[in-house]
Each structure stands twice: as C-alpha cells, then as structure tokens.
Amino acid sequence: METLKKNKEFNNVYNNSNSFATRHLVLYLLSVPENENNRYGLSVSKRIGNAVIRNKLKRRLREIIREFEKKYNFNSYHIIFIARNPVVDLNYGQMKKDVKKLYKKAGLI
RNA sequence: UAAGUCGACCAUUUGAUCGCAUCUUAAUAGAUGAGGAAAGUCCGAGCUCCAAAGGAUAGGAUGCCGGGUAACGCCCGGUGGAGGCAACUCCCAGGCUAGUGCCACAGAAAUAUACCGCCUCUAAAUGAGGUAAGGGUGAAAAGGUAAGGUAAGAGCUUACCGGAUUUUAGGUAACUAAAAUGCCAGGUAAACCCCAUUCGGAGUAAGUCCAAAUAGGAAGAAUAAAAGAGUUAUCCGCUUUUCUUCGGGUAAGGACGCAUGACUAAACAGGCAACUGUUUGGCUAGAUAGAUGAUCAAAUAAUACAGAACUCGGCUUACAGGUCGGCUUAUUUU
C-alpha cells in the first residue's frame with residue numbers, strides 16, 4: 001500500500017476531488033491520469049482520542065484497504081479517509097461495512 | 001476469623017491463516033518486534049556543539065544530622081515535631097539573639113501600661129503614694145499551681161511543673177539526660193533579608209560525514225594574462241574574464257549519531273539499610289508522515305491506565321482485576 005505523504009499532495013486531493021461521507025467516515029477520491037497504483041492517505045485528528053486509539057484506527061483502516069485491494073480491481077486513484085468522532089464505537093466488521101458503503105457511493109465497486 | 005497497616009509481584013498465554021517493520025539468507029524461508037508507567041517533561045547526569053583569563057556583584061536553586069550515588073530537589077538510617085489504642089504514617093524542619101517591616105478590632109495599656117479594685121498617708125477628699133492577687137478587653141496582659149510572707153501585694157521565698165542560660169555526661173552529629181543559676185520579655189522568614197552550599201548556554205531537528213546543485217545576482221579585489229568596443233597608436237578607463245565574500249532556490253537526498261549500558265539475574269562477601277565488591281550467566285524494538293493489525297480456535301481473574309523516537313537515575317500523575325508475604329488490634333477456639 002502506497003501512501004500520500006506530503007502536505008501538497010493532500011491539498012491537491014482536497015481541492016480537486018469529490019467527497020462522500022457516512023456518519024463515521026469521510027472519503028475523498030481523485031482520479032489521476034497517469035496509470036499508476038492507488039495511493040492512500042489516512043487522517044485521524046487528535047479530537048478522536050489518545051495515541052493508542054488513533055493508532056488502532058489507522059491500523060484497522062489499513063487492513064480494510066488491503067482486503068479491498070485484493071478483492072476488487074481499480075487503479076490510478078488518490079484516496080483519503082478521514083475519521084469522524086463516533087467511529088471509536090465501531091468494531092472491525094462494522095467499519096468494513098461502512099467502507100464498502102462509501103466505495104459503492106463513489107462508484108468504485 | 002474480622003478490621004487495619006506496610007511491602008513485593010502479575011499487567012494475558014498458546015496454536016493456525018493473511019499482513020507490516022528490522023535483521024539474516026543467493027533464494028524459498030527464518031528470527032525478533034512497545035510500558036509499569038513508554039505519559040507529564042518537574043529535577044539530576046551522560047553525549048554533542050557553542051562560549052569561556054581570574055575575581056566581584058546581581059539572579060536562581062537547595063536548607064535538621066549522618067550515610068549512599070556519576071549526580072540530584074532522589075534514596076537509606078537517625079533526631080525533633082504532629083497524628084493514631086497499635087502496626088505505622090505525615091512534616092518547604094537553617095536564622096526573628098544582624099537589621100528592617102507587619103500584627104486588624106477591642107482594651108487604660110500590645111513591648112509597654114494603673115481604668116475599676118486593694119492598701120498606706122492626710123482632719124477629709126474627686127489629693128499624694130504603694131500594688132499586678134481580683135475584675136473587664138483581647139488570639140496574646142510580665143510563667144502556672146500550692147504554701148509562706150506582707151499595710152496591701154509581688155519569684156519576695158520554698159516545693160512541683162514549664163522555659164532560658166551555663167556546666168557535666170552520652171552520641172561522628174542532629175540531639176538527649178542530669179545538675180547549678182534563677183524567671184529580661186510575643187509572633188511572623190510560603191515578609192524583605194542574613195548565613196551555608198551550589199549553578200555557563202543550547203539540545204539528537206544536538207552534531208559529524210558523503211552526494212547533488214552551484215542558474216541568475218550583489219559587493220570587493222586584480223589588470224599579471226586573454227578577448228571585445230571606442231581610438232592613428234600607446235597609456236588610462238569600460239565590458240567580458242579570473243579570484244574572494246554574501247545571500248536565494250531545488251531534492252522535506254543519503255549514511256552515521258542509534259541501541260552493550262553509571263545495564264541486568266543469581267550466588268557469595270561487606271553494611272541495620274540505601275548501596276558496594278567478586279564470580280558466573282543474560283541482553284531478542286530502532287522507525288523517519290513514523291512498523292504490532294485482522295480472522296478463527298482453546299485456556300484464564302486478566303476488562304484498567306495507556307503507544308518507544310538519543311540514552312540513563314529519580315520524582316509526579318493515571319490505573320480494571322488478581323497473587324504473595326510481614327506486622328498491629330479485636331474476637332473465638334485449643
């Protein structure tokens with residue numbers, strides 16, 4: 001899984017893309033012209049919780065992304081996930097359903 | 001058995017599949033991978049760079065005594081004070097006899113006093129003097145109680161208690177005990193201050209090395225050499241050139257620092273202890289937008305607080321549930 005790293009790249013996605021949201025997560029999706037692998041950015045703010053909680057969220061999201069990459073085939077996107085406050089209460093299965101919903105909304109799968 | 005008190009420890013484990021980071025390997029693959037507080041960043045050090053003749057002043061920190069330690073504001077042992085029936089716990093615990101400041105209100109008087117009262121003198125008094133026993137005010141009124149003593153009184157005298165000073169004895173010391181003298185005299189230093197000890201600054205984004213890039217500029221120097229324009233030519237000056245300095249931009253470049261250390265376990269020796277020494281053994285995170293997750297199965301009390309970022313020693317704060325031990329008090333039984 002390749003990641004978006006620089007502030008410039010994040011801003012580029014925020015300004016030029018469509019966003020989709022559920023109660024727990026927000027998704028930004030930008031299609032890039034060059035044919036390359038998907039790149040992901042995860043954003044979990046300090047308001048969500050302490051370091052342990054934020055780390056756990058990011059790890060779960062990464063695992064979910066990995067599973068979807070394996071299952072479906074889509075390419076050349078920059079994708080950003082933003083965690084919202086209520087996401088803390090979800091378990092892994094519920095989070096996975098939420099992400100699937102977002103992907104459907106965005107027309108990826 | 002109950003209540004209490006002190007101390008130590010655990011902080012999930014095992015297997016399977018998929019995935020991440022580091023290391024090993026030609027490769028398949030294999031090994032390892034967050035804490036008791038990793039936290040707060042409150043002290044103390046190592047390490048690195050910068051600064052630095054020496055001294056004084058200012059400023060900060062610490063503050064009973066002795067010991068431990070690389071060091072400390074930490075730890076251990078003791079002394080004094082406070083709390084508890086006790087085990088035990090708590091204490092920013094130097095100096096007000098260096099100086100200065102402050103102590104409301106009440107009260108006659110607050111570091112000095114005679115308002116009422118008592119006693120004496122005088123023919124008598126609203127006068128003069130003596131007196132701190134009694135009253136009243138206050139947080140505090142010249143040490144308390146009893147007896148003697150006296151005109152009335154008073155450490156004026158005596159006994160006991162309290163306090164101060166001196167001496168002697170014990171203790172490394174803080175301090176403790178006894179005796180003598182004899183009652184001269186408040187509190188506050190978390191008030192200024194005084195005394196003793198101590199303190200250079202910045203932090204791993206420290207810093208070291210390598211690579212890449214030195215475009216277009218600014219300032220200064222040199223005309224030794226070369227070129228150009230102007231000039232008949234030379235000199236001189238100008239532009240280019242050469243050298244030095246300055247600042248700007250790109251790649252959030254790479255490697256080291258960076259994981260064996262004032263480390264730790266056991267035994268033995270020294271010490272009441274903190275701790276120290278010797279021998280044998282152990283060491284298995286090291287990222288750089290930042291690695292530990294998902295699913296299934298089994299066991300368990302393991303559900304809390306919580307995520308390494310240069311490294312150590314402490315302190316402080318957060319914390320579910322559980323295990324073990326010492327001691328105290330009460331009750332019951334033998």
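No hydrogens, no waters, no symmetry mates; every other heavy atom, side chains included, goes into these values. Note that the structure is a prediction, hence the values are computed from the model and not measured.
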S.K.: A:Glu63 has a side chain; which of B:rG293, B:rU292, B:rA306 sits nearest to it?
M.R.: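 So the nucleotide nearest the side chain must be B:rG293.
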S.K.: Taking the P atom in each of B:rA330 and B:rG66, what is the distance between them to the nearest angstrom?
M.R.: 41 Å
S.K.: Between B:rA289 atom P and A:Ile80 atom CD1, what is the distance in whole Å?
M.R.: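 My rounded result for the distance is 17 Å.
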S.K.: With respect to the phosphate group of B:rG19, does any side-chain polar atom (N or O) of A:Arg59 fall under 4.0 Å of OP1 or OP2?
M.R.: no
S.K.: Over how many whole Å does the gap from A:Lys58 atom NZ to B:rG307 atom C1' extend?
M.R.: 11 Å
S.K.: Report yes if at least one side-chain N or O of A:Arg60 is closer than 4.0 Å to OP1 or OP2 of B:rA294; otherwise report no.
M.R.: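 Yes, within the criterion.
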S.K.: How about A:Ile80 and A:Leu29: do any of their side-chain heavy atoms sit closer than 4.5 Å?
M.R.: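 No, every pair of side-chain atoms sits at 4.5 Å or beyond.
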S.K.: Taking the same atom, C1', in B:rA71 and in B:rA269, what whole-Å distance lies between them?
M.R.: 28 Å
S.K.: Syn or anti for B:rG155, given that syn means the glycosidic angle lies within 90° of 0?
M.R.: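 You should classify B:rG155 as syn.
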S.K.: Check the distance between B:rG293's P and A:Phe68's CZ and give it to me in whole angstrom.
M.R.: 21 Å
S.K.: Do A:Phe20 and A:Lys101 touch side chain to side chain, with heavy atoms closer than 4.5 Å?
M.R.: no
S.K.: Give me the distance, rounded to whole Å, that separates B:rU334 from B:rC324 when you measure between the C1' atoms they each carry.
M.R.: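 Result for the C1' pair: 28 Å, nearest Å.
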S.K.: So among A:Leu27, A:Leu42, A:Leu30, which one has a side-chain contact (heavy atoms from CB on, under 4.5 Å) with A:Ile79?
M.R.: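 When A:Leu27, A:Leu42, A:Leu30 are each tested with A:Ile79, the side-chain contact (heavy atoms from CB on, under 4.5 Å) holds only for A:Leu27.
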S.K.: Using a distance-only test with no angle check, is there a side-chain donor-acceptor pair under 3.5 angstrom linking A:Glu67 and A:Tyr72?
M.R.: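 No.
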S.K.: State the pairing partner of B:rA178; accept Watson-Crick or G-U wobble contacts with both distances under 3.5 Å, and report none otherwise.
M.R.: B:rU167
S.K.: What does B:rA98 pair with, Watson-Crick or G-U, if both distances are under 3.5 Å?
M.R.: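 Paired with no nucleotide.
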S.K.: With a 4.0 Å limit, can you tell me whether A:Asn55 has a side-chain N or O closer than that to the phosphate oxygens OP1/OP2 of B:rG293?
M.R.: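 Checking B:rG293 against A:Asn55, no side-chain N or O comes under 4.0 Å of OP1 or OP2.
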S.K.: I want to verify a distance call: between B:rA294, B:rA306, B:rU292, whose nearest atom is closest to the A:Lys56 side chain?
M.R.: B:rA294
S.K.: Taking only the C1' atom of each, what is the distance from B:rC119 to B:rA151 in whole angstrom?
M.R.: 6 Å
S.K.: Which word best sums up how the rings of A:Phe81 and A:Tyr103 line up, parallel for under 30°, tilted for 30 to 60°, or perpendicular for over 60°?
M.R.: tilted
S.K.: Apply the syn/anti split at 90° from 0 to B:rG59 and say which one it is.
M.R.: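 This nucleotide is in anti.
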S.K.: Who does B:rG220 pair with, Watson-Crick or G-U, both distances under 3.5 Å?
M.R.: B:rC243
S.K.: Roughly how far apart, to the nearest Å, are B:rC76 and B:rG326 at atom P?
M.R.: 23 Å
S.K.: Name the pairing partner of B:rA139, where a pair is Watson-Crick or G-U wobble with both distances under 3.5 Å, or state none.
M.R.: none
S.K.: Between P on B:rU295 and OH on A:Tyr92, what's the gap in Å once rounded to a whole number?
M.R.: 7 Å
S.K.: If we call it a pair only when both distances are under 3.5 Å in a Watson-Crick or G-U wobble match, what pairs with B:rG44?
M.R.: B:rC312
S.K.: Work out how far the P atom of B:rA255 is from that of B:rA289, and round it to whole angstrom.
M.R.: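 Looking at atom P only, B:rA255 and B:rA289 are 11 Å apart.
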S.K.: Sticking with atom C1', work out how far B:rU329 lies from B:rA87, rounded to a whole angstrom.
M.R.: 8 Å
S.K.: Rounded to the nearest angstrom, tell me the gap between atom CG in A:Leu42 and atom P in B:rC20.
M.R.: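 To the nearest whole Å, that distance equals 16 Å.
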S.K.: State the syn/anti category of B:rA34 according to its glycosidic angle, syn meaning within 90° of 0.
M.R.: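 The base of B:rA34 is oriented syn (glycosidic angle within 90° of 0).
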S.K.: Answer yes or no: does a side-chain N or O of A:Arg66 lie under 4.0 Å from OP1 or OP2 of B:rA294?
M.R.: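 Negative; the distance criterion is not met.
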S.K.: With distance as the sole test, does A:Lys96 use its side chain to make a donor-acceptor pair with the main-chain N or O of A:Ile64 at under 3.5 Å?
M.R.: no
S.K.: Could you check which nucleotide pairs with B:rC263 in any of the strands shown, counting Watson-Crick or G-U wobble with both distances under 3.5 Å?
M.R.: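 Paired with B:rC263, as far as the under-3.5 Å criterion goes, is B:rG282.
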S.K.: In the strands shown, is B:rA87 matched to any nucleotide by a Watson-Crick or G-U wobble pair with both distances under 3.5 Å, and which?
M.R.: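 Pair assignment: B:rA87 / none.
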S.K.: What is the distance, rounded to the nearest whole Å, between atom CG of A:Leu57 and atom P of B:rG307?
M.R.: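 So the two atoms are 14 Å apart, to the nearest Å.
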S.K.: Of A:Arg62, A:Lys56, A:Lys58, A:Glu63, which is the lone residue that meets side-chain contact (heavy atoms from CB on, under 4.5 Å) with A:Arg60?
M.R.: A:Lys56
S.K.: Nearest whole angstrom, please: distance from the P of B:rC296 to the CG of A:Asn91.
M.R.: 10 Å
S.K.: Need the pair for B:rA297. Rule: Watson-Crick or G-U wobble, both distances under 3.5 Å, any strand; none if unpaired.
M.R.: B:rU14
S.K.: Rounded to the nearest angstrom, tell me the gap between atom CD1 in A:Ile53 and atom C1' in B:rA304.
M.R.: 13 Å
S.K.: What integer number of Å spans the P atoms of B:rA45 and B:rC319?
M.R.: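 Roughly 33 Å separates the two P atoms.
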